[in-house]
Amino acid sequence: MYDLAAGTIIKYPERVIFRFGDVSVTRKQIKHVIEHRKADGKSAEEIKQILSYALRTIFEFDFEIKNPTSKYAESILRVKAFKAWNRAIVLVLDKEKEGQRGLITIYPYRLLGAYFLLLKKLHTSAVGKTPHP
């Protein structure tokens, strides 16, 4: 999908590509992520790396926080730091419907930025999950 122009219509956009845990991802959502990371200047290899780290983030996230952006009510940010890569991955997941959350977007984030998100979580009443102490 990297070579597709922005706005190109794809076949079967609502087809679920994968469903892991409480997260389901459609073809349209993957195309959206690729388009946005490509617009950020990311190469095809960098986008593949982001997507591979995103899969680990679904299950092994360091913390979860309510999305501070009001555009997507009841959405969450799921964050995992990858110290060797010197970045974190942020998954923005839509509100829960029937036990599943749809993917809104995925983006790499500076480790320092992820640290500030964690501080925000610890200093607010946002209900989220932190799987390990």
Side-chain angles (χ1 to χ4, degrees):
M1 289 187 192
Y2 186 83
D3 294 327
L4 295 176
T8 301
I9 296 173
I10 59 172
K11 290 183 179 182
Y12 315 110
E14 299 305 320
R15 179 178 286 166
V16 174
I17 295 176
F18 62 82
R19 184 174 282 136
F20 292 117
D22 64 341
V23 178
S24 62
V25 180
T26 65
R27 290 173 47 83
K28 180 180 176 180
Q29 292 162 334
I30 290 293
K31 181 177 180 288
H32 171 81
V33 169
I34 292 169
E35 285 177 351
H36 281 82
R37 298 302 70 87
K38 193 166 121 177
D40 291 344
K42 303 292 184 203
S43 69
E45 283 304 311
E46 289 172 309
I47 293 171
K48 285 179 187 176
Q49 184 178 33
I50 290 167
L51 291 171
S52 71
Y53 284 135
L55 291 175
R56 286 190 49 204
T57 305
I58 290 172
F59 290 113
E60 301 172 13
F61 59 94
D62 293 326
F63 65 94
E64 192 174 89
I65 186 171
K66 181 180 175 186
N67 190 351
T69 305
S70 60
K71 183 176 179 180
Y72 300 103
E74 300 178 50
S75 64
I76 60 170
L77 304 180
R78 196 170 279 179
V79 183
K80 172 134 182 84
F82 294 92
K83 292 176 188 162
W85 185 42
N86 200 29
R87 293 273 186 264
I89 287 292
V90 177
L91 297 178
V92 183
L93 303 172
D94 209 353
K95 65 182 173 183
E96 191 173 325
K97 295 177 189 172
E98 300 175 13
Q100 293 287 292
R101 291 184 178 274
L103 177 70
I104 295 173
T105 195
I106 306 164
Y107 57 91
Y109 206 56
R110 296 172 305 140
L111 285 179
L112 185 60
Y115 173 73
F116 284 121
L117 283 175
L118 179 58
L119 284 177
K120 182 175 183 157
K121 173 191 171 45
L122 296 174
H123 289 87
T124 64
S125 62
V127 176
K129 301 174 189 171
T130 303
H132 16 93

| note | Per side-chain hydrogen bond (donor to acceptor under 3.5 Å, both in side chains), E35 is matched among H32, R37, K31 by K31
| task | Flag yes if V33 and W85 sit in one hydrophobic cluster, no otherwise; membership is Ile, Leu, Val, Met, Phe, Trp, Tyr, and two members link when side-chain heavy atoms are under 4.5 Å apart. | result | yes
| said: Could you go through I106 and L51, starting from their C-alpha distance and side-chain angles, then the distance that decides it, and tell me whether this counts as side chain to side chain contact (heavy atoms under 4.5 Å, CB included)? | reply: CA-CA 8 Å; I106 306 164; L51 291 171; 3.8 Å; yes
| Donor-acceptor pair, R78 side chain versus I58 backbone, under 3.5 Å? | yes
| field | 4.5 Å side-chain heavy-atom contact, L91 and V23 | value | no
| task | Before accepting this row, confirm whether a basic side-chain N of the pair R101/D94 lies closer than 4.0 Å to the acidic partner's carboxylate O. | result | no
| request: Please check if the side chain of E46 supplies one atom and the backbone of S43 the other of a donor-acceptor pair under 3.5 Å. | output: yes
| note | Minimal heavy-atom distance between A88 and L111, with the atoms involved, is N-CD2, 4.0 Å
| request: Please examine the side chains of D62 and V79, heavy atoms only from C-beta on, and report whether any two atoms are closer than 4.5 Å. | output: no
| said: Does any part of the side chain of S24, heavy atoms only, come nearer than 4.5 Å to the side chain of I17, both counted from C-beta? | reply: no
| Does K48 pair with E45 as a salt bridge, N-O distance under 4.0 Å? | yes
| note | On a heavy-atom basis, the closest approach of I104 and S75 is CD1-CB, 4.1 Å
| request: Check for a donor-acceptor pair, side chain of D40 on one end and backbone N or O of K42 on the other, with a separation under 3.5 Å. | output: no
| side chain to side chain donor-acceptor pair (under 3.5 Å) with T26: which residues, sequence neighbours excluded? | Q29
| said: Once you measure the plane-to-plane angle for F82 and Y53, does it fall in the parallel (<30°), tilted (30-60°) or perpendicular (>60°) bin? | reply: tilted
| query | When you measure from the side chain of Q100 to the backbone N and O of G21, does any donor-acceptor pair fall under 3.5 Å? | reply | yes
| task | Indicate yes or no: at least one non-hydrogen side-chain atom of E96 is less than 4.5 angstrom from one of E74. | result | no
| query | Nearest 0.5 Å, what's the CZ-CD1 distance between R87 and I89? | reply | 9.5 Å
| message | One thing to verify: whether K97 and D22 come together as a salt bridge, which I'm taking to mean a side-chain N less than 4.0 angstrom from a carboxylate O. | response | no
| Is V25 close to F20 at the side-chain level, that is, under 4.5 Å between some pair of heavy atoms? | no
| field | Greater than 12 external heavy atoms within 6.0 Å of F18's CZ | value | yes
| message | Are V16 and L93 linked, directly or through intermediate hydrophobic residues, by side-chain heavy-atom contacts shorter than 4.5 Å (ILVMFWY only)? | response | no
| remark: So the ring pair (Phe, Tyr, Trp, His ring centres under 6.0 Å) pairs with at least one residue in residues 88-107 (sequence neighbours excluded) are Y107-Y109
| query | Quick one: are I76 and N67 in side-chain contact, heavy atoms under 4.5 Å? | reply | no
| If you take all heavy atoms of K11 and R27, which pair is closest and at what distance? | O-NE, 2.7 Å
